[in-house]
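Lettering of chains follows the sequences in order, A, B, ..., and the numbering in each one begins at 1.
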2 protein chains.
Amino acid sequence: MAQAIPFRQASPLKASCHQCSLSNLCLPLAIEENDLDRLEDIIQQGRIFNRGEHIFDQSTPFRSCFAVKSGSIKTSIITEGGEEQVTGFFMPGELVGLDSMSSENYACTARALERTSVCEFPVDKLEELTGKLPDLQHHMYHLMSQEIQNSHQLAMLLSKNTAEERIAALLLSLSSRFQRRRMSPTNFSLPMARNDIANFLGLAVETVSRVFTRFQNQGIIKARGREVELLDVEALQLVTREFSRQSHP
Amino acid sequence: MAQAIPFRQASPLKASCHQCSLSNLCLPLAIEENDLDRLEDIIQQGRIFNRGEHIFDQSTPFRSCFAVKSGSIKTSIITEGGEEQVTGFFMPGELVGLDSMSSENYACTARALERTSVCEFPVDKLEELTGKLPDLQHHMYHLMSQEIQNSHQLAMLLSKNTAEERIAALLLSLSSRFQRRRMSPTNFSLPMARNDIANFLGLAVETVSRVFTRFQNQGIIKARGREVELLDVEALQLVTREFSRQSHP
DNA sequence: CATCCAATTTGATCCATATCAACAATGTAC
DNA sequence: GTACATTGTTGATATGGATCAAATTGGATG
């Protein structure tokens with residue numbers, strides 16, 4: 001299975017975006033070849049996290065954003081009462097921590113859903129660099145704005161769509177993100193548990209489970225545990241649009 | 001009633017952040033006195049919009065962000081099916097359009113909820129300026145990250161909280177935003193219709209109406225139309241926390 | 001391999017809120 | 001001021017998904 005682990009350089013501490021297979025998805029995509037060194041200079045090679053380990057914790061001092069190199073990460077907010085709300089899933093090439101850039105402390109907790117490696121971008125250095133590289137600054141605005149849009153999209157899903165529509169939307173989102181990485185868009189394994197899906201989509205675990213089996217019975221997907229095969233992508237897309245079409249015939 | 005209309009300058013087209021009563025809330029707050037001119041230079045004095053008029057439209061070319069000077073704005077996404085999802089309300093001193101910075105076109109539609117005046121910041125010039133003023137760049141990151149957090153907060157409200165909790169949270173949010181502007185935090189008039197509140201919070205209008213009257217019967221608020229008085233702020237805060245406390249005794 | 005604990009699935013019941021249906025109030029145009 | 005449209009309120013009923021309960025599967029550990 002395609003993993004995004006870059007070749008080792010002579011210097012073990014310096015990242016090598018040049019060789020990283022994700023350079024066309026990650027921050028480097030915004031940067032000209034000859035400026036890439038300046039980005040590499042500020043990257044701290046992050047360590048490897050095992051499943052369940054925290055990359056960072058809510059309410060601890062915010063220092064860095066992290067790019068996922070391999071594996072996957074879930075972010076969540078813990079309320080005063082101890083309730084967890086999953087706010088996002090992050091896959092290789094995606095940047096985690098942008099929601100914390102307004103605060104002294106991390107606004108959420110990030111933990112590895114599986115064995116996961118990351119690149120660390122200390123914010124002070126990152127901000128300094130984006131001040132010098134307009135393209136990189138532009139890309140940061142782009143990413144953050146994208147994250148706002150994603151979150152609005154989620155809010156919309158939560159407030160207006162049925163359980164089936166929410167789950168179809170999630171499956172399609174994962175699908176396209178696997179595709180971006182040149183992996184199969186129809187045959188993948190979910191990095192997260194049903195529980196996380198439920199929490200993220202504002203549903204009960206039982207409901208998620210039921211919808212999965214319903215989709216399976218309809219021949220739209222095949223699911224055994226976390227292994228998923230999308231048998232009928234068009235049907236899934238139809239499900240996500242069902243709602244809006246019905247209410248405006 | 002305190003309005004944020006700045007004094008007119010000799011040059012009618014140049015904004016005068018120096019005299020604007022919102023300069024401690026708006027972009028200028030991040031800028032040193034002597035750099036303020038550079039910000040003023042890129043601002044286009046926006047025109048006045050009447051209630052219902054569009055400041056910008058989803059899917060038209062994205063050119064500018066807008067700061068609310070007086071009045072208020074609601075942003076919403078229209079789905080393919082024509083469904084509207086209200087994504088936010090913006091009051092004086094707040095910046096509208098950050099969610100569009102990743103796209104060629106505006107990601108949402110912004111319309112005036114009442115007679116509203118704005119300052120316009122063309123993005124190309126704004127990006128150029130933030131590249132030169134690190135503090136301003138930092139502030140932009142701050143604002144965008146804040147918007148991500150707000151949206152996560154909304155998603156959380158939508159997925160985990162009851163109708164009463166959602167409405168209490170909205171009232172408190174408005175309250176603190178009025179307070180920031182040195183207006184009464186307990187006595188204000190809602191800029192938006194019940195319908196918009198319902199849409200924003202993922203509820204039916206009828207439910208919003210019922211909760212308002214329930215709060216009123218409990219003596220927590222007094223509401224006549226859009227005029228609202230918060231009689232018992234602590235009770236409201238208690239409502240928003242009710243949920244998390246109950247589930248973790 | 002046996003044991004244990006966590007994750008998933010399935011079934012039965014209940015409830016918060018949507019929906020449907022009037023009606024009242026408020027605002028707006030003539 | 002009257003008429004019409006929009007917005008808000010209140011009541012009755014229906015329902016999607018939560019919750020409670022229990023069985024099943026799967027993965028980890030010794």
Report each atom pair, protein N/O against N/O of nucleotides 14-21 of chain D, whose distance is under 3.5 angstrom.
| residue | atom | partner | partner atom | Å |
| --- | --- | --- | --- | --- |
| D/dG17 | OP1 | A/Ala163 | N | 2.7 |
| D/dA18 | OP1 | A/Gly202 | O | 3.4 |
| D/dA18 | OP1 | A/Ala204 | N | 3.0 |
| D/dA18 | OP2 | A/Ala204 | N | 3.1 |
| D/dA18 | OP2 | A/Thr207 | OG1 | 2.2 |
| D/dT19 | O4 | A/Arg210 | NH2 | 3.0 |
| D/dC20 | N4 | A/Glu206 | OE2 | 3.0 |

Restricting both atoms to N or O, compile the protein contacts to nucleotides 25-27 of chain D shorter than 3.5 Å, with distance only.
none

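A/Leu170 contributes atom CG, which lies 12.0 Å from atom CZ of A/Arg166 (distance to the nearest 0.5 angstrom). Annotation: the span from B/Met101 atom CE to A/Gln149 atom CD amounts to 11.5 Å, rounded to 0.5 Å.
Legend: residues meeting salt bridge (Lys or Arg N to Asp or Glu O under 4.0 Å) with A/Arg111, ordered by chain and number and at least two apart, are absent. Here A/Thr186 pairs with A/Ser184 under the side chain to side chain donor-acceptor pair (under 3.5 Å) rule; sequence neighbours left out.
With rounding to whole Å, A/Lys160 atom NZ is found 14 Å from C/dT17 atom C1'. Computed from coordinates, the A/Asn195 CG to C/dA6 C1' distance equals 10 Å when rounded to whole Å. Atoms CD (B/Glu227) and C1' (C/dG27) sit 15 Å apart, rounded to a whole Å. B/Leu158 has its CG atom 12 Å from the P atom of C/dT17, to the nearest Å. As rounded to whole Å, 10 Å separates atom C1' of D/dT6 from atom CZ of B/Arg51. Rounding to whole angstrom units, CG of residue A/Asn50 and C1' of D/dA28 are separated by 15 Å. Rounded to whole Å, atom P of D/dT7 lies 12 Å from atom CG of B/Leu113.
Sorted by first and then second residue, the ring pair (Phe, Tyr, Trp, His ring centres under 6.0 Å) pairs with a member in residues 161-193 of chain A read A/Phe178-A/Phe188; sequence neighbours excluded.
The aromatic ring centroids of B/Phe66 and B/Phe121 lie 6.0 Å or more from each other.
Checking D/dT9, C/dT10, C/dT8 against every side-chain atom of A/Thr213, the shortest atom distance belongs to C/dT10.
The aromatic rings of B/Tyr106 and B/Phe62 stand perpendicular to each other, their planes meeting at an angle above 60°, with 30° marking the opposite boundary.
Note on the helix from C/dC1-D/dG30 to C/dC30-D/dG1: angle between the axes of the first and last five pairs equals 50°, rounded to 10 degrees.
A donor-acceptor contact under 3.5 angstrom links the side chains of A/Gln85 and B/Lys160, judged on distance only.
Atom CZ of A/Arg115 has 12 or fewer neighbouring heavy atoms from other residues, nucleotides or ligands inside a 6.0 Å radius.
Scanning both residues, B/Ala155 and A/Leu158, for their nearest heavy atoms gives O-CD1, 3.3 Å.
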